[in-house]
Amino acid sequence: MRTAYPSSAGFWSSALRSKRLVSPAEKAARDSSGLGLSRRLGLLDLVLLGIGASIGAGIFVVTGTVAHDAGPGVTISFLLAGASCVINALCYAELASRFPAVVGGAYLYTYTAFNELTAFLVFAQLMLDYHIGAASIARSLASYLINILELFPVFKDNIPKWIGHGENIGDVLSINLLAPILLIILTLILCRGVRESSVVNCLMTVTKVVIVIIVIFAGAFKVDTSNWSPFAPNGLQSIFTGATVVFFAYVGFDAVANSAEESKRPQRDLPIGIIGSLLICIALYIGVCLVITGMVPYQLLGEEAPLAEAFTSKGLKFVSILISVGAVAGLTTTLLVGLYVQSRLYLGLGRDGLLPSIFAKVHSKLHTPVHSQVWVGLVASVLAALLNVHVLSHILSVGTLTGYSVVSACVVVLRWKDKTNGQVSSSAEREGVICLVAVAVCGFATGLLYRYDASYYFLLLPIVVAAGASAALVIRQVYEDAPGFSCPWVPLLPIICIFFNMFLFAQLHHEAWVRFVVLSVVMIGVYAIYGQYHANPSAQDTIYHEAPEEEAV
């Protein structure tokens, strides 16, 4: 334990520390020590991991919900959101290639590029999203399973709500028995090992992808092209608004980055896994959107199960049953990967001392972080069993957008900030960070003005300021080539990521903004009481490796 600091100067001394980058000679230290995770994931496993995390209920539900406003233009909404996520994925891919040794994802990148406190806050915001998201998905999965059981007459109307659909008690409490049971089963699978959980994910993901492809081809023969006219009945604004909603249907690719320590060839396979899985998801989403809006006029699409209802209306009830099976498989893989990612993030913080050391322990035989995995499953089970997670959904997605924005900023900073050799002066570093913050603030301001229908003249002001900050980043900083996979057009492409992510942040529910502020304040307090005294960014058993140029692929 480090000596406690009695003053605010001591707090900031700890908060502003960053993780060092070590030499390539230290790369094998963790693998040879027996403290690391087992490297068992190949390229196909990583691609299926990314698809499994992204293709869930969204493809079976969100398509119809957004189509009610955007019409057939929902296809463009998914295309725009997918393009935005590709840009974010390129940033993730560079950093995943640059730090292929251990887990951590956005938390690790932030700790290295910026500082300890910022990394801790990024972890907290992401983790709340993951916990609530896991509980919500578990309850949806339980509901789908009950729906399938009720297809049999013996179960029809004979299953109490509190078993699978949820029995509401007031506005917040809602009892559900099946959801925590499902979470416990998946937690046990994940504790058994990454190979076992990967096999389950692969089987489920292949099943749902095959079902989605069958849906696309079967529906293509029932398409009436007249249903695509008008293509954007409510104008371009509805398409852009739809893009902000469906953006979150693609957010699974960061799970691939968090599997770095369990990848067989992380520097080569991680970038391919991240980008490859995302491109496949985009193609599947666009195919489903074209089919569903071509089969049924967008005004008639259901909101609860639009795909199933569309095929039922065309006399293809057998496809509707397939869709229900696909939804179960999709939700299962999304939940499985979500629980997996959460435990690896806890593992990273446990290693660094920001959380108790029990989270850093890896089982000697199973090579999995059993304590972290059980904790994650326990938290999600309690939330899923007792709370109406639909009420909590208003505060979701804050962590995702925050994490993506910070990751994009990390790409910029690490290109002009060599922490090993200290080549960048403190004044240049400070100026660069100020410019990045200015871009983020302008993105949020533009989003607010757009949200409240401000004049285009007002919209131009923050855009011009952001352009000036971007120009300063381009002209006044020197950028080095990245080892391994290189994100193109740095710093412009990451700047676009930050601006657009903050634009979307402004579209979130007001409760989400309150959650962001309250959680940040609470976690600063936790860091002040515990984190600053226990964290050790130079711990000998924590190796963060930056890939050397000669290993570039």
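The shortest non-hydrogen separation linking Val47 to Gly273 is CG2-CA, 4.0 Å. Here the closest non-hydrogen pair linking Thr334 and Gly330 is OG1-O, 2.8 Å. Nearest heavy-atom pair across Ala96 and Leu270 is O-CD1, 3.5 Å.
Using a 4.5 Å cut-off on side-chain heavy atoms (C-beta onward), Ile282 and Ile286 make contact.
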- Message: side chain to side chain contact (heavy atoms under 4.5 Å, CB included) for Thr332 and Leu186? Distances and angles first, verdict last.
- Response: CA-CA 9 Å; Thr332 301; Leu186 293 178; 4.3 Å; yes
- Message: Determine whether Ile55 and Lys208 satisfy the following criterion, side chain to side chain contact (heavy atoms under 4.5 Å, CB included), listing intermediate values before the conclusion.
- Response: CA-CA 8 Å; Ile55 301 293; Lys208 68 181 176 183; 3.9 Å; yes
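Between Asp129 and Arg515 there is a salt bridge, since a side-chain N of the basic residue sits under 4.0 Å from a carboxylate O of the acidic one.
Checking side-chain atoms of Thr205 against main-chain N and O of Cys202 turns up no donor-acceptor pair under 3.5 Å. Here the side chain of Asn234 pairs a donor or acceptor atom with the backbone of Asp69 at under 3.5 angstrom. A donor-acceptor contact shorter than 3.5 Å is absent between the side chain of Thr110 and the backbone of Thr118.
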Tell me which donor-acceptor pairs under 3.5 Å the side chains of residues 172-180 have, and how far apart each pair is, sequence neighbours excluded?
unit_1: Ser174; atom_1: OG; unit_2: Arg139; atom_2: NH2; d: 2.5
unit_1: Ser174; atom_1: OG; unit_2: Asn168; atom_2: OD1; d: 2.9
unit_1: Asn176; atom_1: OD1; unit_2: Leu178; atom_2: N; d: 3.2
unit_1: Asn176; atom_1: OD1; unit_2: Ala179; atom_2: N; d: 2.9
unit_1: Asn176; atom_1: ND2; unit_2: Gly164; atom_2: O; d: 2.7

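Trp375 CH2: 12 or fewer foreign heavy atoms inside a 6.0 Å radius. Counted within 6.0 Å of CG on Leu236, heavy atoms from surrounding residues, nucleotides or ligands total 12 or fewer; the atom is thus considered open.
Every residue meeting the ring-ring contact (aromatic ring centres under 6.0 Å, His included) condition with Phe123, not counting sequence neighbours, appears here in chain and number order: Tyr346. Residues satisfying the ring-ring contact (aromatic ring centres under 6.0 Å, His included) test with Tyr450, not counting sequence neighbours, are Phe503. Residues satisfying the side-chain contact (heavy atoms from CB on, under 4.5 Å) criterion with Ile163, sequence neighbours excluded, are Ile146, Ile159, Pro160. Residues satisfying the ring-ring contact (aromatic ring centres under 6.0 Å, His included) criterion with Phe516, sequence neighbours excluded, are Phe505. With sequence neighbours left out, the side-chain contact (heavy atoms from CB on, under 4.5 Å) criterion links Ala134 to Leu335, Leu339, Gln342, Ala380.
Under the 30°/60° scheme for interplanar angles, the aromatic rings of Tyr452 and His510 are found to be tilted. Under the 30°/60° scheme for interplanar angles, the aromatic rings of Tyr92 and Tyr404 are found to stand perpendicular. Taking the six-membered ring where the residue is Trp, Tyr530 and His534 present parallel rings, their angle staying beneath 30° rather than reaching 60°.
Side chains of Thr400 and Gln125: a donor-acceptor N/O pair is absent below 3.5 angstrom, by distance only.
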